[in-house]
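Notes follow once the structure below has been shown.
Just so it is clear: chains get the letters A, B, ... in the order the sequence lines come, proteins before strands, and each one is counted from 1.
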2 protein chains.
Amino acid sequence: MNIGDVAKHAGLPAKTIRYYEDIGLIEPNRSANGYRDFSDNDLHKLRFLGHARSLGFSIEDCRGLLALYEDKDRASADVKHIAEEHLAKIDAKIAELQAMRHTLAHLVKACAGDDRPDCPILADLATARSDTS
Amino acid sequence: MNIGDVAKHAGLPAKTIRYYEDIGLIEPNRSANGYRDFSDNDLHKLRFLGHARSLGFSIEDCRGLLALYEDKDRASADVKHIAEEHLAKIDAKIAELQAMRHTLAHLVKACAGDDRPDCPILADLATARSDTS
DNA sequence: CCTTGACCTTCCCGTGACTGGAAGCCCTAT
DNA sequence: ATAGGGCTTCCAGTCACGGGAAGGTCAAGG
């Protein structure tokens with residue numbers, strides 16, 4: 001299977017697949033003409049990677065997950081550990097964004113949004129230290 | 001004022017301040033010895049930038065906001081527009097993260113996390129189509 | 001046989017917003 | 001005179017790719 005076909009089936013850009021080879025996530029064979037020749041197993045791995053990335057796992061997390069996926073003697077605790085750490089990061093990020101959202105929504109609501117120069121948003125940015133509750 | 005002092009007062013690393021000069025957000029004077037010499041106005045701008053960045057505005061947004069801040073003939077509508085667009089991006093990001101969180105939390109809960117290899121997280125990544133509701 | 005066009009290859013640069021580090025100048029205190 | 005701290009510039013790295021150039025390969029059509 002050439003890269004174009006595998007890209008379609010995995011739902012990933014060819015560029016991304018080459019990149020994944022570069023960083024050692026997959027190791028496709030090569031045909032006589034130098035083209036990459038992907039096996040079914042390569043395709044499975046790429047799909048796996050696509051799904052993991054779409055859940056926000058970092059490439060390094062994906063590397064670990066892939067290794068566990070291929071290790072039939074793994075402990076599910078190791079997988080769960082990676083997922084829990086990632087979940088914690090997601091929660092932290094959500095909290096951070098919601099704090100921003102909170103402040104920003106207040107400011108937007110307070111701003112007249114007309115052709116006059118007075119603007120509570122700029123006023124806040126110019127003075128704010130934190131709590132805009 | 002040297003960069004170290006202004007960094008303390010603005011709450012930004014010196015590196016960041018040099019970077020902001022590089023990209024044209026500020027233009028501090030230079031002392032005879034080649035050191036940057038920051039005015040009170042420079043400090044105000046840096047604080048403004050720090051606050052805007054902490055609300056998640058991009059550098060380009062900050063550039064626009066700073067220009068409006070300095071333009072006494074601005075229309076508050078222009079400021080509000082930038083803020084609303086940013087707010088929409090934040091909301092989109094939050095929604096994306098919450099979708100990830102939703103799926104991931106389910107998977108984590110379903111995983112035994114013991115020393116056995118069976119793992120619904122890996123099973124999901126290996127097959128997942130999307131909706132893990 | 002030749003050409004066309006769609007593939008494929010590698011390589012290098014750019015992204016955003018910095019951060020780290022090297023090499024070297026400046027200033028003050030001892 | 002030397003030690004230290006702070007300042008300068010410049011280069012490289014981060015993360016996960018994406019864009020695009022230069023060139024090789026393959027199948028189909030004239």
In one Ile/Leu/Val/Met/Phe/Trp/Tyr side-chain cluster, 4.5 Å: A/Tyr19, A/Tyr35
no
Salt bridge check: are A/Asp114 and A/Arg116 linked by an N-O gap of less than 4.0 Å? yes
When rounded to whole Å, the CZ to C1' distance for the pair A/Arg63 and D/dC15 reads 13 Å
When rounded to whole Å, the CD1 to C1' distance for the pair A/Ile59 and D/dG18 reads 14 Å
Output yes when a side-chain donor or acceptor of B/Arg47 lies under 3.5 Å from a complementary backbone atom of B/Gly11, and no otherwise. no
Correct closest heavy-atom pair for B/Leu87 and A/Ala105 would be CD2-CA, 4.0 Å
Whole-Å distance, B/Asn29 CG to D/dT8 C1', equals 17 Å
Q) Can you find a side chain N or O atom of A/Thr16 that sits less than 4.0 Å from OP1 or OP2 on D/dG18? A) yes
* Would you check if the side chain of B/His102 reaches a backbone N or O of B/Gln98 as a donor-acceptor pair within less than 3.5 Å? => no
Over all strands shown, is B/Arg53 touching base, sugar-phosphate only, or nothing at heavy-atom distances under 4.0 angstrom?
sugar-phosphate
First and last nt of DNA chain C near chain A, cut-off under 4.0 Å to heavy atoms, 5' to 3', are C/dC7 to C/dC11
Rounded to whole Å, NZ of B/Lys8 lies from P of D/dG6 at a distance of 7 Å
To the nearest angstrom, the CD1-C1' distance between A/Ile3 and D/dC17 comes to 13 Å
For A/Cys62 and A/Arg53, the nearest pair of non-hydrogen atoms, with its separation, is SG-CD, 3.8 Å
A/Arg18 CZ to D/dG19 C1', in whole Å, measures 12 Å
Result for 5'-nearest mapping on DNA chain D, choosing between A/Ser58 and B/Asp5, is B/Asp5
Below the 4.0 Å mark, does D/dT9 have OP1 or OP2 next to a side-chain nitrogen or oxygen of B/Arg30?
yes
Is A/Arg63 paired with A/Glu60 through a side-chain N to carboxylate O contact shorter than 4.0 Å?
-> yes
Whole-Å distance, B/Glu21 CD to D/dT8 P, equals 8 Å
Separation of D/dT25 atom P from A/Arg36 atom CZ, nearest Å, is 15 Å
So which protein N/O to nucleotides 21-24 of chain D N/O distances come out below 3.5 Å?
{"from": "D/dG24", "atom 1": "N2", "to": "A/Tyr35", "atom 2": "OH", "distance (Å)": "2.9"}

> Under 4.0 angstrom, heavy atoms only, what part of the nucleic acid is A/Phe57 near: base, sugar-phosphate, or nothing?
Replying inline: nothing
In terms of heavy-atom contacts, A/Arg36 and A/Asn2 come closest through O-OD1, 3.7 Å
Margin query: Is it true that, when you exclude B/Glu27 itself, more than 12 heavy atoms of the residues, nucleotides or ligands shown sit nearer than 6.0 Å to its CD?
Written below: no
Overall bend of the helix from C/dC1-D/dG30 to C/dT30-D/dA1 (five pairs an end, 10° steps) is 40°
Between B/Ala75 and A/Asp115, the two heavy atoms sitting closest are CB-CA, 3.6 Å
(Q) In terms of relative ring orientation, are B/Phe48 and B/Tyr69 parallel, tilted or perpendicular, with 30° and 60° separating the classes? (A) parallel
message: I'd like to know if A/Arg30 pairs up with A/Asp37 as an ion pair, taking the criterion as any Lys NZ or Arg NE/NH1/NH2 lying under 4.0 Å from an Asp or Glu carboxylate oxygen.
response: no
